[in-house]
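In the text below, chain A, chain B and the rest are named by the order of the sequence lines, each starting its count at 1.
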Amino acid sequence: MAPENSQNAYQMEGLSRNWALFIRNPIGKTGVILLIIFGLMAVGSFLPPQIDTMYHPMTGVDPLIANSSPPSWKHWLGTDYMGRDLFSQLLTGARIAFIVGITSAFISIVFGTIIGMLAGYGGKILDSVLMRLADMIMVMPTLLVVLLLSSLLGQLNIWAIVLLIALFRWPGVARVIRSQTLSLKERPFIDLAKIAGASHFRIIFRHIAPNVLPMALLFMTFRVTSAIIIEAVLAFLGFGDPSTVSWGMMLQWVWKTGHMFQAPYWLIPPGVCISLITLSFYMIGRAMEEILDPRLRKEGKVD
Amino acid sequence: MNLRRLIIRRSTEIFFIFFVILTILFLLFRLAPGDPVSRMVDPSMTTEEAEHLINQLGLDRPLWSQYLFYVKNFFTGTLGNSFHYGEPVAQIIGQRLPNTILLFTTSIIISCIIGIYFGKIAAWNKGKKLDVWMTIGALVLHTLFLPWAALIIIWIFGYKLGWFPLNGMLTPEIWINPETGIFARFLDVLHHMFLPLFTLCIIHFGSYLLIMRSGMLETLQEDYILTAKAKGLSAIEIRNRHAAPNASLPVVTSVGLSLAFSVNGGALTEIVFSWPGLGRELIFAVSNNDYPLALGSFLFISIVVLVANLIIDILYAYLDPRIKY
Amino acid sequence: MIIKMQISSLKVRKKGIVILLTLIFSSFLFSCTEKKDGTILKIGIAEEPRTLNIWLASDANSRKVLSLMYQNLYVRDPVSLQLIPWLAESMPLFEPETVSYIVKLRPAKWSDGSDLTSDDVLFTINLIKKFKIPRLYSKWKFVKKVEALDSQTIRFYLQKPVAIFVTKSLSVPIVSRSEWADVAKKSLTHEKPLTALLNHKIKFPLGCGPFVLKQRREGAYLYFEKNRFFFGENKKIAGHILGPFVEKIIFKIYSSADVAILALKKGSLDYHWSDIPPGHINGLKESKHIQVFVSKKSALYFMGFNVRHSPFSDAALRKAVSILIDKEFIISRILQGYASDMTSIVPKGNKFWHNPQLPAYGHGLTKQQRIKKAYAILTENGYTWKSPPINEQGETTMPSLIRLPNGEPMQDFTILTPPADYDPHRAASGTIIQEWLKDLGLPAHSRPMSFGALLSQVKQRREFDTFILGYGKLSLDPDYLRSFFHSKNNKKRGWNMSGYHNPDFDVAADASVAAVNIGERQKLIRRMQEMVMTDVPYIPLYNPMRIEAINMNNVSGWIKMVGGIGNLWSICMVKPKQI
Amino acid sequence: MKTGRDDTILEINDVSKYYQTGRSLFRKTEKKMTALDKVSLKINKGEIFGLVGKSGSGKSTIGRLVLNLEKPDSGSIIFAETEINSLRGKSLKQFRQKMQMICQDPYQSLNPYFSVFDTIAEPLVIHNIGDKKEQLSRVQELLEDFGLSPATDFLDRYPHQLSGGQRQRVAIARAMVLKPEFIVADEPTSMLDATVSIQIYSILAHLKKYAGITFLFITHNIAAARLLCDRIAVLNEGIVVETGDCESIVDNPASEYTKALIQAQPSFSYESA
């Protein structure tokens, strides 16, 4: 599926054509600005531990502070109950949010797109089997299932969580991609490809895939949102990966150590960050959606 | 005719889907490490006692026999006994479910109504400041981190302002008094319900607003709206009588599609507000290795979601004559 | 047509909303009428009591609630922690020649007014033995025969002298024959009698404690009224004249501690019968009507090793690890200072049994000193590094991975901990210990696991390297030492999770069971602790304190003892404030 | 403009095709629509065979069947002495090299994500013919042949950057890249304006003449058929009404249907030859 340069060029041109529309949209603009800020935070997260080991988000503690303390010059956002720097935790949280959100959204989009294309192109039995599978997963409350699995399986690290979220979030994408594929399948260029002797594999990945890609990308922004939220809730409830410092984890620390209403400097930033980062992806998605096609939204209206 | 076929087809599908879920969950629970006996951390529990208990709970039988037993239990309607409650799971679910349904359906209905109402206004004022602010507001509410928001809501309205009770479903002091009338009890529950309801509505209504808004924008492009305009009907009349009802159909489907997702939020809300519902019970059961209860509640939630989806499909087919199945 | 239908329903909805809003706002007024009633004691609990069936109750909240109703023969004095008679009239009489104990009952009544007799005690013991009730059966297995001498006197014949008979066996709750006889009979006809007994639903337990359950709404509250027939009322026991002085108790469920604390401040709770995280203390202290209690617990939180196989079969490595662990850091940072140091398996507070002369590994050392000391021990025992943690200048550096004495590199190992939702402290300790071990090149990975999975890993499958677990409520009698380290418990589902095997220890442990002479037993127990702390299959980490808070506006007179103020004594002693 | 009656290249024997309407899991009621009813045709090597009929007459279905995009419900189609429906794997791929198609709608027949080069070279890539360099020169050659010069200007363009006529030229170039023996042209000009159509027709005529390619020319425009075809068959509701020499049928229609078809035709295109 490696796109050649020229193809990229076309897509780039399409993008730049839409970019103007996109950036004129106040929602899209806000989303991009927010995202850039979070991106800077994620990149900046590597800095503090270099300055002093006490700024290590997980293991570095201020030797002089043994409990939660409000913002100061040394600790811009204050420290948590162990004397760890909250600011560097917040920066690291941005990194984790990106990792979780983007990888799990990416995986679920790849799954969803492939399954949707297979179902739409394959038709008949393959279609009904895959779509019933999608229905089945769709009725499962993702968070509860992931909670259940992580509790049952016992060991969780961030990649397992990412994978689990991805596994439960593909059906919506698959349904949309399937319906797109159904209409693409009727287009003459697919017939022509067949006549030229193209294999099913080639038709699916060379002809259909690029055509459904914009839609898949759009869905990716929404999936990023839900992945970040699910990870945050899991971490908040204590089912997250303990060796990572995510925002959900920070909130869990505030909560479990009883600083919920004691330390606003600790409670507010991660909560606001979770909301804002999901908001930024959501806004970008909305703006993209309005440009691509206002009718695409009804992800389930296919039968 | 078609409708009946739809119902039959979807019901058989639901049955199969459900059975697959049951089997997968059963295996998951039984093959996962840890059993309710080994988690009893009490040094005075000897090996002999533990093994006796395991035998008595039937956990030492082969897997297939446990599975058959479970399926039998399922169809006889008891769903087995909870390890910790010692009661039939069906009974526990029966107690918790009404509370969940009360909170859940009320919140969905209210947020739907509010979402449709504001979505309508936003679409009508497309491009104006009102629309932009409403859309952004809806997006912000939609992406709020629920447990965090819920605790802050409790702090503000329950503690600082003191308008509402902090949690639970009723005030014991009122309910233990035999003289309290039914109306007072009803009011008491309503009063307790307000904050969790408020939280859930805040989270949900944003997405309904957005769906309604875009549905409305689309409808406004259609021919019959133009016809209505040509007929000289007033703007409000066109908006409310012609465009809004049709535009609200997608909201109905989205309720069905997002139902499974809203169950998550429901469970979290129940935990934070100590609302005695099924979601909270499920999470407790999972963390206490109470398999029969966790399995039962999970199955029940999936049944509810499946059936609700079916109902919404039927409703949709009924409301929109254009839909053919 | 559809359109019209929807319009009309919208109109109805609008009216509905108006009505709903008026209802809600009128309920504000309603809530303001919540009057202050000192005669109702309002107690918060963290979760719904799972069951009121005393035999099934294994969760803390059920036990709290049941402790108001079902009573024991002997209880602990709040101050001296010695056993004192409760349902019994006096301490048991031991007859060495027949190896039997005689217990005389106090005149007492069940809450339905009927007399509590020796027949009930007999019935209880027989039920435990017949159904093999978990946790209780083993305490009565060695009792050969129980007979009622008269309606108030019972004699217990033992197979051999057992030290724990008085401290553990005799402290089982007594149930009435009238409540359980039919249930037991019916359960015995079942294929699985124990399950049938445990699954029997008790709605209103028949006890003889200070309170009687009057009403319960599942998921919402439990409502108790004073037991008119309570045997202890107005009696002086353990230096207190007992009540109960409050007429009613309501147990409310507060799933989150934060909300419970708001409720305490607001006055809708008098006491939250559950741990409060240390972070709340400052906020609580600001409110004048809140009093915070910090009490000691009889608890043990420890890191355990799997000594069955390499690498932790080597005691030197275990010692090195215990030197590396900075317990003071864990206590001061992770537990915010609300815990006490532990040097032995038996907590310090348990003065009679605790052995004070044990090595405190690494106590008071700096990080550098710890690494150096651990490094010295390991090099002595043949461990090697490519680049050691201490360089030629004597400074600590980042080491390469360690090699075992046989020259093989040490495999990665895991530190299993409970998940953060279950216990954030243990999970955090695991992470921080992992970092400390890495300073010496030990390839440790902290891995939280769901509690059930963790225990099955450690107890059943026994495939692990190290773990962190704890006992929040360790009995005051140190018989657990035997459970934890006797080699006969080194089996599937056995409590010797480490697989510790020391013949000397086994001999001492066996002797300690039979030692009815308390001084002799003390010596043995202290000797056992010494052996364990020399071989370090477990590293005791900390003994947390219990933080609780009360609202002083309504009631006063809480009794503080080991494990907090939530105890039977407090329930019997709290008095409404006269305002 | 008749070439000699050479040997038959394509033979359609008693082919029928039905479509089911409104199929669903629970409704298998036989509501069949007959698309083709026992159609038999013979096409000779090197001729342009016209298939004329109104929309819905089944002419496109014949095209799809001949191209092996669909299977007939009964009857057989024989191309170059092989029954094409039984072809699998390698032999199917070989068949694919020999027969190509030109579509009705140049807007739909090109993948919007394929550049001109990608589009034309795709059959070469699929059949693994030549290396990249050879493919490039072949594509350039074809582009020049079909009046898209300079070829280098067009190689990297995408369909949306081309005009309708240019697109159709690209489509024809793609059809020609494998040097096929047979081309199905399904209403290749119906979406183009008249002047462009004429240019396309002349390309097709040229191809027939110099490359010796056989065409199945599907059209509703009897004038176009008259202009281009050697023989035609008139199709009505899945039945062949008449078949034969193009001029004789147009000048002397036997059936009412054909007459009606001719009368419905605007006359200007008739003269424009």
Among the options [options], pick out the one with the most heavy-atom pairs lying under 4.5 Å from chain C.
options: B:Arg96, B:Glu270, B:Met193; value: B:Arg96
options: B:Leu151, B:Ile154, B:Asn99, B:Thr47; value: B:Thr47
options: B:Glu51, B:Met169, B:Gln56; value: B:Gln56
options: B:Pro88, B:Ala50, B:Gly86; value: B:Gly86

I'd like to know which of C:Thr195, C:Leu469, C:Ile253 tops the heavy-atom pair count under 4.5 Å against chain B. C:Thr195

Residue among C:Leu136, C:Leu262, C:Val458 with most heavy-atom pairs under 4.5 Å to chain B: C:Leu262

For the pair C:Lys201 and B:Glu87, find out whether any cationic side-chain nitrogen is under 4.0 Å from an anionic carboxylate oxygen.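 Yes, this pair counts.
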
Electrostatic pair C:Arg482-C:Asp479, nearest N-O below 4.0 angstrom: yes

Kindly write out the residues that satisfy side chain to side chain donor-acceptor pair (under 3.5 Å) with C:Asn496, not counting sequence neighbours, or none if the list is empty.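 C:Asn496 satisfies side chain to side chain donor-acceptor pair (under 3.5 Å) with no residue once adjacent residues are dropped.
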
With sequence neighbours excluded, residues passing side chain to side chain donor-acceptor pair (under 3.5 Å) with B:Arg61: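 For B:Arg61 there are no side chain to side chain donor-acceptor pair (under 3.5 Å) partners, ignoring immediate neighbours.
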
For [X], which atoms come within 4.5 Å of any heavy atom of chain B: side chain, backbone, both, or neither?
X: C:Phe251; result: neither
X: C:Pro419; result: neither
X: C:Lys491; result: side chain
X: C:Ser483; result: side chain
X: C:Ile250; result: side chain
X: C:Ile133; result: backbone
X: C:Lys168; result: side chain
X: C:Leu222; result: neither

If we ignore angles and hydrogens, is there a donor and acceptor under 3.5 Å between the side chains of B:Arg280 and C:Ser255?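 Result is yes, a qualifying pair exists.
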
Could you tell me which portion of B:Leu170 (side chain, backbone, both or neither) has an atom closer than 4.5 angstrom to a non-hydrogen atom of chain C?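 B:Leu170 touches chain C through side-chain heavy atoms alone.
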
Part of B:Trp155 lying under 4.5 Å from any heavy atom of chain C: both

Evaluate side-chain hydrogen bond (donor to acceptor under 3.5 Å, both in side chains) for B:Asn167 paired with B:Trp275, printing each intermediate quantity in order. CA-CA 7 Å; B:Asn167 73 352; B:Trp275 187 266; over 6 Å; no

Ring centers of [X], [Y] separated by less than 6.0 Å:
X: C:Tyr471; Y: C:Phe484; answer: yes
X: C:Phe131; Y: C:Tyr137; answer: no
X: C:Phe302; Y: C:Phe467; answer: yes

Check: C:Asn53 side chain, C:Leu197 main-chain N or O, donor-acceptor pair, under 3.5 Å: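 Indeed, once roles are kept as given, a pair shorter than 3.5 Å links the two residues.
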
